[in-house]
Number of protein chains: 2
Amino acid sequence: MKAFSRLSKRQQHMMRFMHAYTQKRGFPPSIREIGEECDIGSTSVVNYNLNKLVDAGYIERSGKVSRGLRIVGAIPGVTSAQRVIGAVGPHRVALVGRIAAGEPISLPDDIGHHIEEDDYITVPPNLLGSYDASETFALTVRGDSMIDAMIKDGDIVILRRQNTAENGEMVAAWLTEDNETTLKHFYREADGVRLQPANRDYEPIYVHPANCEVKGKVLSVMRSYQ
Amino acid sequence: MKAFSRLSKRQQHMMRFMHAYTQKRGFPPSIREIGEECDIGSTSVVNYNLNKLVDAGYIERSGKVSRGLRIVGAIPGVTSAQRVIGAVGPHRVALVGRIAAGEPISLPDDIGHHIEEDDYITVPPNLLGSYDASETFALTVRGDSMIDAMIKDGDIVILRRQNTAENGEMVAAWLTEDNETTLKHFYREADGVRLQPANRDYEPIYVHPANCEVKGKVLSVMRSYQ
DNA sequence: TTGACGTAAAAACAAATGTTCGTGTATAAT
DNA sequence: ATTATACACGAACATTTGTTTTTACGTCAA
């Protein structure tokens, strides 16, 4: 992919116009519309530069069909480029609640039902891994009980719903006996379950399997300093 | 908005096809393409039903232009209910390079320039605060000097481009003399600038203001455990 | 029946639109 | 100077494509 700034001024103009037009009208502009906007007198010049943009990897064209182009490259300073229609939008994940010491999270009931629109948070795909947004949920961390896991008050953790975990995975675990939910690395051992803090300065917690209920696997964390 | 089930079978077919086509190709189908797919022999019939769909509030048409239609109504069982066009897409932020939080390594000083397509990352709006995506950039953290600031190796930090900073803010600072960039807490002191790592294992760096160029302020952090 | 109405079909038309070809103009490399 | 390359222009051409017109077939009600 050629850098956007390496494109000619005219080609940059075309890119911005094509994006804005598609955004506004719902379908791409025609060659002549592009030429009119970008002060290009000849359709062949527009066609020439469109092919240049194809070579540069910024658009794709469908030959011989009107308005047969789609934007696949990013335009700096402009929202999402690739395929405006049907674009992979921001994934919405259910923000089911807050996780805090002494307040176990009740996941199965809440998810997919009594969720309000505001209870969704936008999550970039790279934070969801290979999972679909529908099988994940988000929690807002309250308190510093998770500070040993590099997660602090106010952080949002993205998890995948699951009741089991592989050794070494970071999970949200509900300690039924202590009535407390925590984020730890999960290890199933001969004598029970070991919950290992990420920070080696902290000691692991050993619990009986019956006292440890896995709620989900941690996929990612988001934190805003504002 | 007329109920989707109240539309004729043919109109429902048209709606599904128009959506799928637009999704796949990046632009709407022509009247004849719709007719071919929906087994309609005459373009006038397609045109007739398209106008019906306009009346029903499911699509909008732009007269006299090829492929001049856009879907505005929801199709049951299919994605994208809300007005696809004009939807707020994921914000794309330039991922300009890697930054050493421990031993600073050189960072290509091409922030805002020479950005490649692959060097963009999708960032949810809430991590950008009140700033626009165009005035921010992202860095991948290398090293553990910020581990006490809850930032660890591999994290992606989102920064706002700015040349000054308030005391205590976390900034990306360019040490001009060493041609290196580092991620530290910023403190302006009587005898110069102190760049304070959060990790107690690391010593603060004292530099002359002329040798310290602030590149940006840290807005947020993303971390994926996968 | 008769008429109104919604739907469907085919053909013809006019405009929009992508493509191609020949030519011109810089700039840089050889 | 010559060649190569990138970029630009205008005109003609061939389809694509939206629109319109005319005709026809149902259903339903008066």
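Every chain is numbered from 1 and lettered A, B, ... according to where its sequence line falls, protein lines coming before strand lines.
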Who passes side chain to side chain donor-acceptor pair (under 3.5 Å) against B:E166, sequence neighbours left out?
none
Residue list, side chain to side chain contact (heavy atoms under 4.5 Å, CB included) with [X], at least two apart or on another chain:
| X | result |
| --- | --- |
| B:S44 | B:S42 |
| B:N51 | B:N47, B:R61 |
| B:Q162 | B:R160, B:E169, B:K217 |
| B:E33 | B:Y21, B:R25, B:P29, B:S30, B:R67 |

Between [atom2] of [N] and [atom1] of [X], the distance in whole Å:
| X | N | atom1 | atom2 | value |
| --- | --- | --- | --- | --- |
| A:N49 | D:dA6 | CG | P | 13 Å |
| A:I34 | C:dT19 | CD1 | P | 11 Å |
| A:I31 | C:dT20 | CD1 | P | 10 Å |

What N/O pairs connect the protein and nucleotides 4-6 of chain C at under 3.5 Å? Give each pair on its own line.
none

Tell me, please, which residues at least two apart from B:E203 pass salt bridge (Lys or Arg N to Asp or Glu O under 4.0 Å).
none
Hey, are B:S220 and A:S224 close enough side-chain-wise for a donor-acceptor pair under 3.5 Å?
no
How would nucleotides 9-16 of chain D be written as a contact map, 5' to 3', with B for base contact, S for sugar-phosphate-only contact and - for no contact, using protein heavy atoms under 4.0 Å?
BBB----S
Nucleotide N/O to protein N/O under 3.5 Å, stretch nucleotides 23-28 of chain D:
none

Nearest-nucleotide pick for A:N47, side chain only, options being C:dT19, D:dC7, D:dG18
C:dT19
